[in-house]
Amino acid sequence: MSVVLAATWDPRGEAKRLRRLYPQLSRLFGKMVVVMPPGTHFGLLLSLRQFDDLQLFVSDNWPGGRRESLERAITVMPETSASHILYADMDRLLRWAETRYEELRQATRRVQMYDCLVIGRTEMAYGTHPQALVQTEAMSNRVFSHLLNESLDLSAGAKGFSLDAAKFVVRNAQPVSPFGADSEWVVLARRGGFRIRDLRVDGLDWESADRFADTAADADTQYMAAVEYDADPENWKKRVAVADEIILAGIDALKRKLE
């Protein structure tokens, strides 16, 4: 068995790191399907098409990019021996691969054991994030941990699915709420009868401090970037809106008529 990667990526200077890390990633994934936003620079796309196992798609509907990546990953699975899909935000995945490759390798093995694996952050990993994220994500995590009777960190940008679970999620997910997918997909998997399991990792520490850098940020750089992020009230306002989107999408998924 192997795993197909489904990812979304709005590039912020990570292409050089992706090129460097590609050999390691290709050892983990039978194929890598990456959905990118409209307006992605053609030169960037061209420069990455040299990698055989990396398939890039520019989405016409970026709010539905996460769902599209999962759907496209399903379509390439017959080309591989893959039984499962790992969804990951590409910027987070690159940091994980660069800083804790062995942990990522073990996580891909765990993905293959379950229908739905919610990959969250350890206390150490969460501690690297701005408080604007920590405090607002606590609300959405608390709501769905209660409703699903599982202690879950929904917003770490990484989840694993079996083929059957992924197909069910894609059939029933709405391609309109990018952050809402954090809760929606897990709620749908539970409603489809698939068991939810939880995994916490160090490698999903805060990735945004890596932007436009040649290597993953160290702890001091992460800390200073987090302090700067928290100092801007607009970031708090944005993260409250994100938490609201996650909660509303999950509640809608609880009520939605399923196919």
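Since we're looking at a predicted model, the values are computed, not measured.
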If Ile, Leu, Val, Met, Phe, Trp and Tyr residues are connected whenever their side-chain heavy atoms lie under 4.5 Å apart, and connections chain through other members, are [X] and [Y] in the same group?
X: Ile247; Y: Leu147; result: yes
X: Val58; Y: Leu5; result: yes
X: Met113; Y: Leu117; result: yes
X: Tyr87; Y: Phe57; result: yes
X: Val3; Y: Leu199; result: yes

Does a salt bridge link [X] with [Y], judged by any charged N lying under 4.0 Å from a carboxylate O?
X: Glu98; Y: Arg95; result: no
X: Glu123; Y: Arg200; result: no
X: Asp182; Y: Arg66; result: yes
X: Arg190; Y: Glu150; result: yes
X: Asp210; Y: Arg12; result: no
X: Arg20; Y: Asp214; result: no

Give the minimum heavy-atom separation between [X] and [Y], together with the two atoms involved.
X: Asp198; Y: Arg110; result: O-NH2, 4.3 Å
X: Ser2; Y: Gln112; result: N-OE1, 3.7 Å
X: Gly160; Y: Val111; result: CA-CG1, 3.9 Å
X: Trp96; Y: Ala158; result: CZ3-CB, 4.5 Å
X: Leu56; Y: Arg49; result: O-NH2, 4.3 Å
X: Gly120; Y: Leu204; result: O-CD1, 4.1 Å

Heavy-atom check, side chain of [X] versus side chain of [Y], under 4.5 Å:
X: Ile251; Y: Lys255; value: yes
X: Met90; Y: Leu93; value: yes
X: Val201; Y: Arg100; value: no
X: Leu154; Y: Trp185; value: no

For the atom pair [atom1] ([X]) and [atom2] ([Y]), what is the distance rounded to the nearest 0.5 Å?
X: Lys159; Y: Cys116; atom1: NZ; atom2: SG; answer: 8.0 Å
X: Glu184; Y: Phe144; atom1: CD; atom2: CZ; answer: 10.0 Å
X: Asp218; Y: Thr221; atom1: CG; atom2: OG1; answer: 3.5 Å
X: Asn235; Y: Leu133; atom1: CG; atom2: CG; answer: 9.0 Å
X: Arg19; Y: Phe51; atom1: CZ; atom2: CZ; answer: 7.0 Å
X: Leu188; Y: Asp252; atom1: CG; atom2: CG; answer: 9.0 Å

- Task: Please report the C-alpha distance between Leu70 and Arg67 in whole Å, then the side-chain angles of each, then the deciding distance to 0.1 Å, and finally whether the side chain to side chain contact (heavy atoms under 4.5 Å, CB included) criterion is met.
- Result: CA-CA 5 Å; Leu70 200 60; Arg67 180 188 176 280; 5.7 Å; no

For [X], look at atom [atom1] and say whether over 12 heavy atoms of other residues, nucleotides or ligands are found less than 6.0 Å away.
X: Glu228; atom1: CD; answer: no
X: Arg195; atom1: CZ; answer: no
X: Met224; atom1: CE; answer: no
X: Tyr223; atom1: OH; answer: no

Is [X] reaching over with its side chain to a backbone N or O of [Y], donor-acceptor style, under 3.5 angstrom?
X: Ser69; Y: Ala6; value: no
X: Arg211; Y: Gly13; value: no
X: Trp236; Y: Asp230; value: yes
X: Ser145; Y: Arg142; value: no
X: Ser162; Y: His84; value: no
X: Asp89; Y: Asp91; value: no
X: Glu14; Y: Leu94; value: no

- Task: I would like to know whether Ile74 and Leu163 meet side chain to side chain contact (heavy atoms under 4.5 Å, CB included); could you show each step before the answer?
- Result: CA-CA 7 Å; Ile74 291 169; Leu163 176 58; 4.0 Å; yes

- Item | side chain to side chain contact (heavy atoms under 4.5 Å, CB included) between Asp153 and Val118, worked out | CA-CA 7 Å; Asp153 174 19; Val118 178; 5.8 Å; no

Quiz: residues 167-177 side-chain donor-acceptor pairs under 3.5 angstrom, not counting sequence neighbours:
residue : atom : partner : partner atom : Å
Asn172  : OD1  : Glu259  : N            : 2.6
Asn172  : ND2  : Phe168  : O            : 2.9
Ser177  : OG   : Gly180  : N            : 3.1
Ser177  : OG   : Glu245  : OE2          : 2.9

- Task: Just say parallel, tilted or perpendicular for the rings of His129 and Trp206, cut-offs at 30° and 60°.
- Result: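 His129 vs Trp206 ring planes: tilted.
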
- Message: Under a 3.5 Å threshold, yes or no: a donor from one side chain and an acceptor from the other, between Ser155 and Glu137?
- Response: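 Per modelled atom types, Ser155 and Glu137 side chains form no pair under 3.5 Å.
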
- Task: Only counting residues at least two apart or in another chain, list the ones meeting ring pair (Phe, Tyr, Trp, His ring centres under 6.0 Å) with Tyr114.
- Result: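 Not a single residue meets the ring pair (Phe, Tyr, Trp, His ring centres under 6.0 Å) criterion with Tyr114.
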
Would you tabulate the side-chain donor-acceptor contacts of residues 24-46 under 3.5 Å, counting partners in other chains and residues two or more places apart, or write 'none'?
residue : atom : partner : partner atom : Å
Ser26   : OG   : Tyr22   : O            : 3.3
Ser26   : OG   : Pro23   : O            : 2.9
Thr40   : OG1  : Pro37   : O            : 2.6
His41   : ND1  : Gly43   : N            : 2.9

- Query: Step by step, would you call Asp205 with Gln222 a side chain to side chain contact (heavy atoms under 4.5 Å, CB included)?
  - Reply: CA-CA 9 Å; Asp205 55 335; Gln222 279 182 318; 3.2 Å; yes

